[in-house]
Amino acid sequence: MKSYKLIASLLLFSISSLAYSVDTGHADVSLIKFSNNGSQNNEIFVGIKMDMQKNWHTYWKNPGDSGGPIEVSWTLPDGMTISDIYWPTPKLIPYAPLMTYGYKDFVIFPFKISYENFDELGEISADINFLICDDICVPEKAFINTNFNSITFDNELLKWINKVPNVTLPVLAKQTDNNLELRFSSNNEIESVYFFADQKDIVLHADKQTFFKEENNWLLNISTEDNPKHKEKLNGVIVINDESYLVDSEITIENISNKSITVIQALIFAFIGGLILNLMPCVFPIISLKVLSFISISGDSTFKIRAHSMIFSLGVVASFLIIALLLIGLKESGSIVGWGFQLQSPIIVGTLSILMFLIGLVLLMDINLGSSLTRLGSIGSNGNNYSGSFATGVLAVIVASPCTAPFMGAAIGYALIQPSLITLPIFLSLGLGFAFPYLLISFKPNLLSSLPKPGKWMETLKEFFAFPMFATALWLLWVFSLQTSVDALVNLLISILLISFIVWFHTKIIKNYLKILLSICLILILASQINQFLNLDDQTRNADEIESSWNLNIENELRSSGQSYLINFTAAWCITCQANDKVALSRPSVKEYLKDNNIEYIVADWTNRDENILKVLNKYERSGVPLYIFWKQGMNEPEILPAILTENMVLDILDRY
């Protein structure tokens, strides 16, 4: 009999002990209630009290960039129901580069219990699962099983009930591209305001929310995800000067990007852009070789002229289609890429600099290293060197990528946001436009008769064309220096020095076995340099070390404060960008105009890969640089300046608004 009493006593002790706090490892968790007396509305509040270790925190219903909310499973007597969590207003818990929402050190989660008969409130249990974090995150749980009368009364619960917002603030919500605008009225001066969105996948939590006073209301700007997944209404909590209000507003979706072009327009723009691309400075050194090649064979058969023209054009078109397929494949894999993406790789930039320098040496010294490079563009070779024509077409497209011709930017930007079946025809049209002059020669070879006759002048001109090659190599070396370290640049310069020595020495020897040895040395140097390129990751500069005034949310910040701006999206490898900078944007009159009219000039440098810059380019339906964005107060949407600028053009456009 005594044993039964002992067991009963132990059971009673264990049950009553469950009414107190449970130590989960990093928090003491307990149930509390607000009042012992039944209310006339047959409702009463209970709370889950979490007393956490210092600096540890748990999360709100939308945890932000990481984390997860508390989950509770209740077991209640018949005739008794319990509400969802009444969420107190959270605090910002930054953990760079992330932003989370939650409660630090201490929190009480209130619940409302509805019942039929207060005297029948009996056993209650809560199975609690939650995530608690400091430098690490730990999933913890507490199971509490107790009698309702045994739950501790605690006035602290009332304080946390009062932290639950219950007044809805009238708000006008509008989504414009990657910006959420909340307009509301307040008679008081506002020192701080922050919006906590109930729903995930809408706002960029880590971005700064900016606000300012409009004529009759206040405007809060919030950066959002690409294509935010809004429901029918926008819900959340807005905190104004430490006062919390609910937001329950219809949301207007408005696209402020420039009007999209049609497929037909994109095809036409691509063709025109490809045609103009032949005139861009980055393509000149390669195209000039092909023109000389056509002149050298102008006295040959019509068939041979047509064949070279067609094969060169085939190399061009095939290269554009391969680039399109690469872009599509990278896009499908989740990578963010744009036109000229290959020159964001120091490996490709360094390799091209060596190639351009080597071509320059070959043209200047008229030597034959036994490789196809010496026959590039069919210079100095027999008329049957069709592989040289194809290789010239491929190389022309590779070096054309730093340039964006008029019409071309809009076409490529449109192509890269469309399905693959639309992207490919647009790139095909771009390639056909680029190859059109040479296709024209293949159909009308007699056009070559209007060009000067072959002669000694061609040899002199061929040697002269070595210098544009050297200039291109120097430019690529400059780009390489911006992308990597000083040590990497020095190693590349040493390789170029050794290559030039081997090429020179090759012209001074006669014995074939020595020439073979030199060729092997050249291959080994190239292989060694390429191996160094492949290990550049440790040498590449950290993007955070490069100072820049641009950031992803800068347009929203400037527009919210009414600040006029001109943003220059540029890159060191973009020759068009550099030309525009020299002839227009860096001119004293333009700088003085910007200063006098309080227009902030911002440079967004895309020399190294930056997905945030590409996001903005895509927002304006572009996939490459240059891109120039101008805005001032009174404009409904930003103005996109032309891809090729002059000093007077910039001043006229800025003065027009």
Side-chain angles (χ1 to χ4, degrees), residues 257-288 290-291 309-310 312-324 327-328 338-341 392-418 420-444 447 569 574-577 579-580 583-584 617-618 620-629 639-646 649-650 653:
S257 293
N258 284 36
K259 293 180 180 179
S260 180
I261 60 178
T262 65
V263 177
I264 300 299
Q265 287 175 319
L267 290 170
I268 295 172
F269 285 0
F271 184 86
I272 297 173
L275 189 62
I276 299 174
L277 197 59
N278 286 282
L279 305 176
M280 304 302 285
C282 45
V283 190
F284 170 75
I286 302 300
I287 296 301
S288 60
K290 197 66 237 169
V291 172
S309 301
M310 291 293 292
F312 172 81
S313 301
L314 180 62
V316 168
V317 173
S319 300
F320 274 107
L321 289 179
I322 290 172
I323 289 176
L327 289 171
I328 291 170
W339 178 248
F341 74 99
T392 311
V394 173
L395 191 59
V397 174
I398 293 174
V399 299
S401 58
C403 291
T404 301
F407 300 100
M408 180 178 157
I412 294 181
Y414 176 83
L416 292 181
I417 62 175
Q418 301 301 316
S420 303
L421 292 177
I422 297 178
T423 302
L424 284 173
I426 293 174
F427 272 83
L428 176 61
S429 180
L430 183 62
L432 290 173
F434 189 69
F436 180 74
Y438 317 101
L439 287 171
L440 193 60
I441 291 174
S442 68
F443 287 106
K444 290 187 173 294
L447 290 175
F569 291 88
C574 170
I575 295 181
T576 310
C577 306
N580 287 339
V583 304
L617 294 176
N618 291 340
Y620 287 104
E621 298 187 358
R622 298 291 188 272
S623 63
V625 290
L627 176 66
Y628 308 102
I629 304 298
E639 175 75 10
I640 299 178
L641 277 62
I644 297 179
L645 301 175
T646 64
M649 181 189 298
V650 173
I653 293 174

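Across every non-hydrogen atom of Ala266 and Ile426, the tightest pair is CB-CD1, 3.7 Å. The nearest pair of heavy atoms linking Cys577 to Phe569 is SG-O, 4.4 Å. What you find for Leu267 and Ser429 is that their closest heavy atoms are O-OG, 2.7 Å. Shown here for Met310 and Leu439, the closest heavy-atom pair between the two residues is SD-CD2, 3.9 Å. Nearest heavy-atom pair across Leu430 and Gly273 is CD1-C, 4.2 Å. Between Gly315 and Ser319, the shortest heavy-atom contact is O-OG, 2.6 Å.
Put simply, the side chain of Pro626 does not reach to within 4.5 Å of the side chain of Leu641, judged on heavy atoms. In this structure, the side chains of Leu645 and Val583 stay at 4.5 Å or more apart for every pair of heavy atoms. Between Tyr628 and Asn580, some side-chain heavy-atom pair lies under the 4.5 Å cut-off. For the pair Pro437/Leu275, a side-chain contact is recorded, criterion being any heavy-atom separation below 4.5 Å from C-beta on.
To the nearest 0.5 Å, atom CD1 of residue Ile629 and atom CG of residue Leu617 are 8.5 Å apart. One finds the CZ atom of Phe427 at 13.5 Å from the CG atom of Leu432 (value rounded to the nearest 0.5 Å).
For Leu314, the side-chain contact (heavy atoms from CB on, under 4.5 Å) partners at least two apart in sequence or on another chain are Phe390.
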